[in-house]
Amino acid sequence: MLRNVAFVSHSGVGKTTLSEVMLFKTGVISRRGEVEEGNTTSDYDPEEIKRKISINLSLLPFLWRDLRINFIDTPGYADFVGELKAGVRVADGAVVVICAASGVEVGTEQVWEYTKDLPRLIFINKMERENANFDRVLDEIQRSLGKRCVPLQVPLGAEAGFRGLVDLISMKAYGKEGEMELPEEILAGASSFREKLIEAIAESSDSVMVKYLEGEELSPEELCSSLSEGVKERSVVPILVGSALSGIGILPLMDAMVDLLPSPEEKKISSLEGDLRAEDQGPLAALAFKTTLDPYVGKLTYLRVYSGVLSSNSQVWNVSKGSMERIGQLVVLRGKKEEPVSELGMGDIGAVAKLESTTVGDTLCVREHPVVLPGVEFPPPIFGVALNPKTKGDMDKLGNILPRITEEDPTLTLSKEQDTGEIILSGRGDSHIGVAVDRMRQRFGVEVEVNTPKVPYKETISILVKSEYKHKKQSGGHGQYGHVLLELEPLPRGSENEFSGRVVGGSVPKNYIPAVEKGVVEALKEGVLAGYPAANIKVTLYDGSSHPVDSSDIAFKIAAEKAVKKGLSEGKPTLIEPIMRFQVLSPDTFTGDIVSDLNTKRARVLGISSHDNLQVIEAFVPLAEVLRYAIDLRSITQGRGNFTMEFDHYEEVPPHITARIIEEGKSSA
């Protein structure tokens, strides 16, 4: 008596409006909200209202035919794919929404891939829109998403003339007010589509196949039952049509969700310990799949119960963290509204506040029956920015707030670049980062400036050099005397700086050698070309001299610093830059454009191969050239490309670029 259904699509296809209509038609709300007015049930976050897009996953339960449907509204915009992934993870079925005018878009193809393990329906929305064309969109669906996608309904009219639909199993027509007379002129076309639907059902059902081949009449009940099995086995994907704006096709869509998509008990539950049975009487197994943070309420953790019953005011075992967790008051969410409940049964989705150690991906269970459910597979961040607090007060708050922001959104990561000292916030794109920054300001009152991260260049030397420096000062009383002879030697790329001493005869007393090392380490923090850290250098103290009265630790430290600086200048210094190992995945159509663009970025293409209908381009690329590559690739591939990169090694910067970097360093000094 429960369905957990994720609605997924390209951005702007009308999922939020669709959810409002369903809530209205089932009596959950008395007035439909509008995206433009910022008063919909699912888009309640200030950032969603401001930007007029869905950013967060929303839970919207309603009753239909005495059965509860947990409608999971997910964002369509690519930057917020983490919320989409979380919603798909806890759903038992999905509805892929496609616009009747714009057809199959890049986001459609992506959500199709994300939902490939779920039973699915397709809903062609916006049949009332100008340029709506069912036949064209059907052709795009079958070419892009597969021939197993077959119409269960066909529209009556299109654009301003859209007035209803024909159900191909019952061969009945439905309009805005319910059942209507089937127009004679549509009968032949609808019958042809019906024949193709029956063929698709027959291919996934032996009993239907036998009757079909023998020419026997198949009842609507037989067809519907066999179609349901085909959907659950993912061998058939029914296509439905309608218009959220006019309300046509919404009730049949809800019927299809009940009749064709699986209940929680029909879904196989995988765990590290093997498959589980989904049953209320079984041992508890629940997954934390989303966290929200509020400066006043605190942390709210969303949970899906896969087996057993989770009760309010109980204790459970967090097997992922190895700790007990106290469950307070459980709630069922509808948008931002919370309804307290005493328990969540098998298949239920709800939330609980103020869990101590539980984070996204953790499994809650009974300690005597430990079980680990697979977590949510979040994509890695691909776009980073440097955060600069505007005031000292903002800096003080930032350390506490950033970990909370990244806990709420696991597709955000936080790091500190050791060489530049910058705080780097990374995510899926510029809009993703923009929302996070706006939330810091709105929720926690922290203002930050966002900048392109500095490239962690380093400086090194090309030849072995010897350098001598004598630090000698006399100003009455004790003077200062430190004298060192150093050898600076280039090491292979990627080596740590080294210091060693091979002084003989005590020319530099042993007690001053640590001071020499300290001076060397200090001097290597800043090179002589553009002030970047010096790297891959071995410094050896091989001689020197001391004074019985005037020598001191500080004198030898200063002498070492000066000797190192002199040696760096004489050692043919060069600038080196981080090189990233790059992997770009894209449809073949864009391969040439991607390679051409990479060539303008000083890339070294290593090879091109094929993987799952995509081209995989591997290359070495300087980090300086790809700090905003997420935006570039989205533009080149119309959003169809993806990439990963990781640091590989350092290489020398070309001379003309070195000159520019040195000049920029001088001007900013």
Side-chain angles (χ1 to χ4, degrees), residues 384-388 415-424 426 449-469 486-499 517-539 557-582 600-604 620-629 645-669:
V385 297
L387 299 181
N388 296 307
S415 61
K416 184 167 184 179
E417 174 52 60
Q418 294 301 317
D419 290 331
T420 65
E422 290 183 317
I423 299 168
I424 307 296
S426 301
E449 290 179 351
V450 172
N451 297 306
T452 301
K454 295 175 185 173
V455 177
Y457 294 107
K458 294 182 187 293
E459 299 182 20
T460 192
I461 56 173
S462 308
I463 58 171
L464 184 148
V465 291
K466 294 180 185 278
S467 178
E468 177 182 4
Y469 192 85
L486 303 178
E487 183 180 86
L488 281 69
E489 176 185 356
L491 294 174
R493 297 279 189 265
S495 304
E496 296 288 328
N497 288 333
E498 294 179 19
F499 172 80
E517 182 176 6
K518 196 171 181 182
V520 168
V521 170
E522 201 66 35
L524 292 176
K525 287 181 180 177
E526 193 173 292
V528 295
L529 289 176
Y532 291 101
N536 314 146
I537 298 173
K538 180 180 180 180
V539 179
K557 178 176 178 293
I558 292 170
E561 286 183 26
K562 299 287 189 182
V564 168
K565 293 294 184 187
K566 184 181 172 191
L568 291 176
S569 299
E570 295 172 352
K572 292 190 177 177
T574 60
L575 202 63
I576 55 176
E577 63 182 338
I579 304 296
M580 313 305 286
R581 190 175 190 99
F582 232 57
T600 69
K601 292 175 164 53
R602 300 190 283 128
R604 188 162 76 251
F620 284 137
V621 192
L623 175 62
E625 303 287 348
V626 288
L627 291 170
R628 297 180 65 82
Y629 192 69
M645 68 173 177
E646 60 181 4
F647 169 74
D648 193 271
H649 63 282
Y650 269 83
E651 281 183 12
E652 190 171 331
V653 179
H656 67 286
I657 296 176
T658 297
R660 190 192 73 222
I661 294 168
I662 293 172
E663 196 57 41
E664 288 172 356
K666 287 177 183 175
S667 62
S668 63

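None of the values given here were measured: they were computed from a predicted structure. All heavy atoms count here, side chains included; hydrogens, waters and symmetry mates do not.
Every residue was checked against the side chain to side chain donor-acceptor pair (under 3.5 Å) condition with E517, not counting sequence neighbours, and none meets it. Shown here are the salt bridge (charged side-chain N to carboxylate O under 4.0 Å, His left out) partners of K454, two or more places apart in sequence or in another chain: there are none. Residues satisfying the ring pair (Phe, Tyr, Trp, His ring centres under 6.0 Å) criterion with Y532, sequence neighbours excluded, are Y457. Qualifying ring pair (Phe, Tyr, Trp, His ring centres under 6.0 Å) partners for Y650, counting only residues two or more places apart in sequence or in other chains: F647. Judged as a salt bridge (charged side-chain N to carboxylate O under 4.0 Å, His left out), and not counting sequence neighbours, R628 has no contacts. For E489, there are no side chain to side chain donor-acceptor pair (under 3.5 Å) partners two or more places apart in sequence or in a different chain. Residues that satisfy the side chain to side chain donor-acceptor pair (under 3.5 Å) test with K562, not counting sequence neighbours, are absent from this structure. Listed by chain and residue number, nothing satisfies the side chain to side chain donor-acceptor pair (under 3.5 Å) test with D648 (two or more places apart in sequence, or in another chain). With sequence neighbours left out, the salt bridge (charged side-chain N to carboxylate O under 4.0 Å, His left out) criterion links K466 to E487. Under the rule for a ring pair (Phe, Tyr, Trp, His ring centres under 6.0 Å), Y469 has no partner lying at least two apart in sequence or in another chain. The salt bridge (charged side-chain N to carboxylate O under 4.0 Å, His left out) search around E652 returns none, not counting sequence neighbours.
For NZ of K518, the number of neighbouring non-hydrogen atoms (other residues, nucleotides, ligands) closer than 6.0 Å is 12 at most.
Atom CE of M580 and atom CD of E646 lie 8.0 Å apart (nearest 0.5 Å). In this structure, CD1 in I579 is found 10.5 Å from CZ in R493, a value given to the nearest 0.5 Å. Here the CG atom belonging to D419 is positioned 12.0 Å from the NZ atom belonging to K525, to the nearest 0.5 angstrom. Between the CD1 atom of I461 and the NZ atom of K538 there is a distance of 12.0 Å, given to the nearest 0.5 Å. Here the CG-CD1 distance, from L491 to I537, works out to 8.0 Å after rounding to the nearest 0.5 Å. Annotation: the span from N451 atom CG to I424 atom CD1 amounts to 9.5 Å, rounded to 0.5 Å.
Of all heavy-atom pairs spanning T658 and V653, the tightest one is OG1-O, 3.2 Å. Summarising the geometry of I661 relative to A530, their closest heavy-atom pair is O-CB, 4.4 Å, with the distance given to 0.1 Å. Across all non-hydrogen atoms, the minimal contact from L529 to I662 is O-CG2, 3.6 Å. Nearest approach of G384 to S426, heavy atoms of both residues: CA-OG, 3.7 Å. Residue K458 comes nearest to A535 through the heavy atom pair CD-CB, 3.5 Å, listed as atom of the first residue, atom of the second, then distance. Nearest heavy atom pair, residue V465 against residue G567, reads CG2-O, 3.4 Å.
When side chains are defined from C-beta on, P456 counts as touching P578, because their heavy atoms get closer than 4.5 Å. At least one side-chain heavy atom of K557 sits less than 4.5 Å from a side-chain heavy atom of E522. In this structure, the side chains of M645 and V626 come closer than 4.5 Å at one or more pairs of heavy atoms. The shortest distance between side-chain heavy atoms of L568 and L488 falls below 4.5 Å. Within the 4.5 Å cutoff, the side chain of T452 has no heavy atoms near those of the V385 side chain.
Here salt bridge (charged side-chain N to carboxylate O under 4.0 Å, His left out) pairs that include residues 565-580, with residues two or more places apart or in two chains, are E577-R602.
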